[in-house]
Amino acid sequence: MAEKPIVILPDPKLRLVSEPIAAITDEVRALARDMFDSMYAANGIGLAAIQIGVPKRLVVCDLGKGPKAETEDEEKQREPDPQVFVNPEIVWRSDELNIYEEGCLSIPDYTEEVERPARVRFRYLTLDGEPREVEAEGLLSICIQHEVDHLDGKLFIDHLSRLKRDRVTRKFAKAAKRDAAGA
Ligand code: NI
C-alpha cells in the first residue's frame, strides 16, 4: 500500500503536459498501484498520474466503485472494476453533448455541471502492452475525457464560465496561502 498525497489546485504541476509512457516497466506497474491506492483512499473514481505528482500519461479508474449508490444494499452489491489506461488518446467525439456534475480529487469539495461530448472513442495500451480501442458512453466517457484533460494540463473548471473558474481558483489560492502561513 503506497498511498500518495493528491496534488491540489493551484499547484502548477496540474498544468503540466504529461509525457507518453515509452515502455511498460515494473516502475509503471508500481505507479498504477500507487494511483489506485491513492484514488480509493480519497474515494475517487478516476485519477491521472500527475495528480500524485508524476507527469506520465497513465490513467486509472474504477466506475464500479462510484458514484456512491443510493442505499446501503445497493452499495454492497457493487463490484470493484479497476481499469488502467496507458497513453490514452481520444480519437473521436460525438456531436451530441451531455451535461454531468463533475468533481475532481485535485479540487476537493467542489462540483459543477460540465458539458462534454456524450460519446467518445479512445485508444490506449493495457498494462500488458496490448493496444485497445473502445467506444465509451455514460460515466466511462465522462471519466476518460476528464482524465485525458489532466494529461494535457487541463482541469474540468476550464470548461466552466470564466466567472465560475475565477471564483474557485481564487478560493483555492487563498486556502493554499493560509496553509503556507500555517494558520
Ligand atoms: Ni480530476
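When a ligand or atom number is given, it counts from 1 through the structure's own listing order.
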Say whether H146 and E102, considering side chains only, have a donor N or O and an acceptor N or O under 3.5 Å apart.
-> yes
Can you confirm whether more than 12 heavy atoms, excluding those of E135, are under 6.0 Å from its CD atom?
yes
Protein-side N, O or S atoms sitting under 2.8 Å from the Ni ion (ligand 1) are C104 SG, H146 NE2, H150 NE2
Q) Does the S106 side chain pair with the main chain of V7, one donor and one acceptor, at a distance under 3.5 Å? A) yes
The salt bridge (Lys or Arg N to Asp or Glu O under 4.0 Å) partner of D34 among K56, R29, K4 is K4
Using a strict threshold of under 4.0 Å (side-chain N to carboxylate O), is an ion pair present between R57 and E19?
no
Value for CD (Q51) from NE2 (H150), rounded to nearest 0.5 Å, stands at 3.5 Å
